[in-house]
Amino acid sequence: MTLSFTKMHGLGNDFIIIDGRETDPALDADKIRHLCDRRFGIGCDQLVVLSAPTADGADVLVRFFNADGSESGACGNASRCVATLVGGNPVLQTRAGLLPTSQDGELITVNMGTPRFEWQDVPLAKECDTLHLPLHDAAACSMGNPHATVFGDVSRAEDLGPSLENSPLFPQRANIGFADILTPTHMRLRVWERGAGLTLACGSGACAAVVNAVRRGLTERSCVVTMDGGDLRITWQDNGDVLMTGPATSVFHGKLP
Ligand SMILES: N[C@H](CCC[C@H](N)C(=O)O)C(=O)O
């Protein structure tokens, strides 16, 4: 079966997007790892599969898979790419919930839903204060996927990321953000992603970093997050939902035998 795909990125966090709404691509973890491999496959941080929605009010069901084949409940940059690809300001059905999207010119806004802070929801392996973990004093939350934010030196992402991603404190592993607060409305962020390693940008990670910074009293609820690949605007609304606004870029279409 020939496999058609679209290669896209959000601030350099790159994706293979397969539209499975007509034909299920029937991918297993081995095939996903192969397609994500930057030498033996197409290469990407995450592979995204679209299928017909099953929830009322949803326009498309979206599943996200990391380069190591593991599935993620949320993927902010990919969500903007899917919204652009599908068009018409679709509501995305994801494991994190229904995500409304809107487009204004070159920028796409995704409502990433409400963060969760209970240790069982992150999840953590034991009861902890999720604002001050016994792990580099990180703050943790879930955006539909597990995130921990370490405040301080962003250059520590490469040397600390792998051990923190796989800490026994995170039974499902975790995405590890390294945040440097520049002003109350601007932060620098680098993210060591679960199942993908250091990426140029991480949408759900940017949401988690702003939420954790607000919880710590370090930033306002609307903040520009500057990552290696560029900027996102994150707003944690008073109703609890987090809005993420940024670009989405289509690179090429392809077919695999
Ligand atoms: N790059 C994605 C995050 C993927 C998260 C994935 N690494 C996981 O939770 O396992 C984003 O823009 O939100």
Side-chain angles (χ1 to χ4, degrees), residues 7-17 29 32-33 36 38 43-49 62-85 92 94-97 99 101 107-116 121-124 138 140-149 157 161-162 164-167 170-179 189-212 225-234 236 241-249:
K7 185 77 177 18
M8 298 187 77
H9 73 84
L11 301 177
N13 179 203
D14 66 333
F15 312 104
I16 296 167
I17 302 179
I32 290 168
R33 279 189 289 270
C36 296
R38 296 191 184 281
C44 64
D45 293 325
Q46 279 90 25
L47 185 143
V48 183
V49 180
V62 191
R63 295 180 70 184
F64 310 106
F65 299 90
N66 291 308
D68 71 353
S70 62
E71 184 166 2
S72 166
C75 187
N77 288 318
S79 297
R80 296 198 314 279
C81 291
V82 169
T84 304
L85 190 63
L92 312 183
T94 73
R95 279 177 33 187
L99 310 183
T101 70
L107 296 179
I108 300 94
T109 295
V110 179
N111 181 329
M112 295 289 286
T114 302
R116 294 186 298 173
D121 294 331
V122 173
L124 301 180
C141 70
S142 171
M143 288 301 305
N145 57 345
H147 287 273
T149 308
L164 295 186
E165 170 197 357
N166 294 287
S167 163
F170 305 119
Q172 296 176 11
R173 300 185 290 163
N175 300 283
I176 314 297
F178 295 83
L189 179 72
R190 299 178 78 225
V191 182
W192 180 271
E193 288 197 24
R194 175 180 63 169
L198 188 70
T199 58
L200 291 177
C202 181
S204 56
C207 295
V210 171
V211 163
N212 286 329
V225 179
T226 296
M227 294 168 280
D228 292 346
D231 291 0
L232 290 176
R233 160 74 61 187
I234 307 295
W236 187 14
D241 286 352
V242 182
L243 301 185
M244 170 199 61
T245 300
T249 306

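Indexing begins at 1, ligand by ligand and atom by atom, following the structure's order. This one's a predicted model, so the numbers in the text were calculated from it and none came from an experiment.
Q46 and N13 share a donor-acceptor pair across their side chains, judged by distance under 3.5 Å alone. With hydrogens and angles left out, the side-chain atoms of D45 and T199 include no donor and acceptor closer than 3.5 Å.
Legend: residues meeting side chain to side chain contact (heavy atoms under 4.5 Å, CB included) with A248, ordered by chain and number and at least two apart, are R80, C81, T84, I108. Looking at residues two or more places apart in sequence or on another chain, you find a side-chain hydrogen bond (donor to acceptor under 3.5 Å, both in side chains) between R63 and E71. Every residue meeting the salt bridge (charged side-chain N to carboxylate O under 4.0 Å, His left out) condition with R190, not counting sequence neighbours, appears here in chain and number order: E158, D228.
The 4.0 Å heavy-atom shell around ligand 1 contains residues N13, Q46, N66, S72, A74, C75, G76, N77, N145, N175, E193, R194, C202, G203, S204, ordered by chain and number.
A salt bridge is absent between E165 and R194: the closest approach of a Lys/Arg side-chain nitrogen to an acidic carboxylate oxygen does not fall below 4.0 angstrom.
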